[in-house]
Amino acid sequence: MKILAYLETQEGAFKKNAFEAIKAARHIAELTGGEFIGATSGIDAANIQEAGKYGLETCFTLDHDALAQPNAAALAQAVSGLAEQETCQIVVFPATALGKETAPRVAVRLQAGMVADTIDIQRDGDCLVAVKPVYAGKALATVKIEAPQQVYTIRPNIFTATADSSATVSVSSFAPSLDDVATKTTVTGVTRNTGKLDVAEAEIIVSGGRGLKGPENFYLIEELARAFGAAVGASRAVVDAGWRPHAEQVGQTGKTVSPNLYVACGISGAVQHLAGMSSSKNIVAVNKDKNAPIFQVADYGVVGDVFEVLPELTRLVSETTGNKIEA
Amino acid sequence: MNILVGISRVPDTATKVAIDESGTAISAKGVKYIVNPYDEYAIEEALQLKQKHGGTVTAVTVADDGGKETLRSALAMGVDKAILVKDEQGLDSFGIAATLSELAGQDYDLVLLGRQSIDFDSFQMAGLLGELLGRPSLTVVSKLEIDGQTVKAERDIEGGKESVTSSLPCVISVQKGINDPRYPKLPDIIKAKKKPIEERAAQNLPARVTVTRMEMPPAKSGGVVLGDTADDIKELVRLLREDAKVI
């Protein structure tokens, strides 16, 4: 069994999710007694060596002009071409904007079965089974792929990678042949919210809800987020009220997240919000209503007024982390 | 421009989930079903594109009889035609995509979808359909302009936006924020009840994936509860540092 992990890059370096994809591929290789390789684009051979620390020994660069800033159709053709050449039965993508769109296209090309947003992969007899959250995490489904070819997207922050290896990565080039569907779409530009972390990828999230009483008070959330080095999140109520952008919404109609730490401030914990964040590894809730449902999922609950608790918490966290509170 | 909008029927976001007797699905008991929230943005976008460019808007769902209710909501919003592809076997995502691609391949310039269905949250349909049809796909689109055959879109990516250009025919999944879906007025809802729904039978397609178990996530218990004094907050920071080791 051979596994191919797609390693996403940004501005010439691997993203953290690339190491998580290696970790997942390594995990599948251990379960099946197989081996794994990487495929990447937009990164030079010297920077690819970083992946050696996570145990990658073989990596292919997908070399085509259309893949410098890839669209899903082009990337899918390249990855499935490589999977066929290298006889890989399993392909792993990160569950990112790019990975989520590319993976199903690869599944069609390889006639594979696919599981999206995987949080665990286990062996069950001769088969692999994957666990994925459904209904935004209100339930967990164990899914078996019936086809021999398999594609998985993996949820960020789950297959946490540690740099425990010192492998030298052997890098080869793969020049895919792309048809005209691959070149019909062009990425013409990317704008990033500078200095802001995205809730879908962040290791720490500080979220605010209606308890903040108005958009003008969200500076309290932003300051605490800076003290933690965290992304800012928001409940559906405050996004629907126009206080915060939808990109920050956590919950069933926003983003489903699994950070290392989730700090919910002034959020009561509607079912659809809990669904989106309750798989976080550590949860802090600050709310003045001690009966708020958010406390049922909190590891650390503070029953108190956000306007009194947050400034003091921000000061102490900033002292501990050394992060500045000011923007 | 002829637009096909793929929609689905999902449990309301306020649903408290319970596992049914089979152990492989959630219980339908007491569940209120709604049109997948993201699909409402797709329907609205299709109606606005029709207003600008002419053509027709067809809504389709692959579902059991319950899908009719979902289609009635789309008809009340103003789609021209509704198709129920009756699926008694419970097709998987791939089976649904294969079913839809047969229909979409006929004479639709554009397939619009919600960015994800909030039941299985798999984000697969746009990619599957695009590849099956041999057409471009653009996902999580929050701004869309179509001029002739040229498609210009903005899509949400991690920590920002990506601008893309592509061309018709293609498959697009839309994100909340692209528009404000209209609320159908009562007369439209009543009229929609009388409009025809075309029924077709879904093909039997072998499943590529099967759910072998469905369970509730592990329940949390024994959380620490603190007050709001300076000492409590100091204790919280200590716990985060020494106990949870997150800072």
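Residue numbers start from 1 in every chain, and the chains themselves are labelled A, B, ... in the order their sequence lines are given, proteins ahead of strands. Because the structure is a prediction, the values reported are computed rather than measured.
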Here the pair of heavy atoms bringing V211(B) nearest to A141(A) is CG1-CB, 4.3 Å

If contact means a heavy atom pair closer than 4.5 Å, which residues of residues 237-247 of chain B contact chain A?
V237(B), L239(B), L240(B), R241(B), D243(B), A244(B), V246(B), I247(B)

Where does L313(A) contact chain B at under 4.5 Å (heavy atoms): side chain, backbone, both or neither?
both

Side chain, backbone, both or neither of A270(A) within contact of chain B (heavy atoms, under 4.5 Å)
neither

Would you mind checking if R155(B) and E101(A) are paired as a salt bridge, meaning a charged N to carboxylate O distance below 4.0 Å?
yes

Between Q116(B), Q175(B), M216(B), which residue shows the highest count of heavy-atom pairs closer than 4.5 Å to chain A?
Q175(B)

So which bits of residues 287-296 of chain A come within less than 4.5 Å of chain B, counting non-hydrogen atoms only?
Q296(A)

Between R208(B) and A107(A), which heavy-atom pair has the shortest distance, and what is it?
NH1-O, 3.7 Å

Most heavy-atom pairs under 4.5 Å with chain A, out of G130(B), A126(B), P37(B), S117(B), belong to G130(B)

Using only non-hydrogen atoms and a strict under-4.5 angstrom cutoff, which residues of residues 9-23 of chain B touch chain A?
P11(B), D12(B), T13(B), A14(B), T15(B), K16(B), V17(B), I19(B)

Chain B heavy atoms under 4.5 Å from A112(A): which part of the residue, side chain, backbone, both or neither?
backbone

How long is the straight-line distance from CD of E131(B) back to CG of L110(A), given to the nearest 0.5 Å?
9.5 Å

Does anything in residues 223-230 of chain B get under 4.5 Å of chain A by heavy atoms, and if so which residues?
G223(B), V224(B), V225(B), L226(B), G227(B), D228(B), A230(B)

For the atom pair CD (E158(B)) and OG1 (T96(A)), what is the distance rounded to the nearest 0.5 Å?
5.0 Å

Flag the one option from P136(B), S137(B), S167(B) with the top tally of heavy-atom pairs under 4.5 Å to chain A.
S137(B)

Can D124(A) and R213(B) be counted as an ion pair, charged N to O under 4.0 angstrom?
no

Which atoms of T320(A) approach chain B - backbone, side chain, both or neither, heavy atom under 4.5 Å
side chain

Which one, S93(B), G134(B), A207(B), leads in non-hydrogen pairs under 4.5 Å with chain A?
G134(B)

Rounded to the nearest 0.5 Å, what separation is found between the NZ atom of K138(A) and the CE atom of M214(B)?
12.5 Å

Option that, when pairs with chain A are counted at under 4.5 Å, heavy atom only, ranks first among L138(B), D156(B), D232(B)
L138(B)

Could you walk me through whether K176(B) and D240(A) pass salt bridge (Lys or Arg N to Asp or Glu O under 4.0 Å), step by step?
CA-CA 10 Å; K176(B) 182 174 178 176; D240(A) 285 352; 2.9 Å; yes

Relative to chain B, which segment of V284(A) carries a heavy atom at a distance below 4.5 Å: side chain, backbone, both, or neither?
side chain

With a 4.5 Å heavy-atom cut-off, do F94(B) and V108(A) have their side chains touching?
yes

Distance from K132(A) atom NZ to S122(B) atom OG, nearest 0.5 Å?
4.0 Å

Minimum heavy-atom distance P218(B)-L140(A), with the two atoms named:
CD-CD1, 4.2 Å

To the nearest 0.5 Å, atom CD of E215(B) lies from atom OG1 of T142(A) at 5.0 Å

On a heavy-atom basis, which atom in I118(B) and which in Q252(A) lie closest, and how many Å separate them?
O-NE2, 3.2 Å

Taking D121(B) for its side chain and A136(A) for its backbone only, find out whether a donor-acceptor pair lies under 3.5 Å.
yes

Testing the basics here: between P217(B) and G137(A), what is the closest heavy-atom pair and its distance to 0.1 Å?
CG-O, 3.3 Å

State whether the side chain of D198(A) and the backbone N or O of G159(B) hold a donor-acceptor pair below 3.5 Å, judged by distance alone.
yes

Under 3.5 Å, side chain of E312(A) to main-chain N/O of I233(B), donor-acceptor pair present?
no

Please state whether the side chain, the backbone, both or neither of E201(A) comes within less than 4.5 Å of a heavy atom of chain B.
side chain

Chain B heavy atoms under 4.5 Å from I204(A): which part of the residue, side chain, backbone, both or neither?
side chain

Let me know if T321(A) has heavy atoms under 4.5 Å from chain B in its side chain, its backbone, both or neither.
side chain

Where is the tightest heavy-atom contact between G127(B) and R105(A), given as atom of each residue plus distance?
O-CG, 3.3 Å

Flag the one option from T165(B), T24(B), L236(B), L132(B) with the top tally of heavy-atom pairs under 4.5 Å to chain A.
T165(B)

Counting distance only, does the side-chain N/O of T212(B) pair as donor-acceptor with the main-chain N or O of K144(A) below 3.5 Å?
no

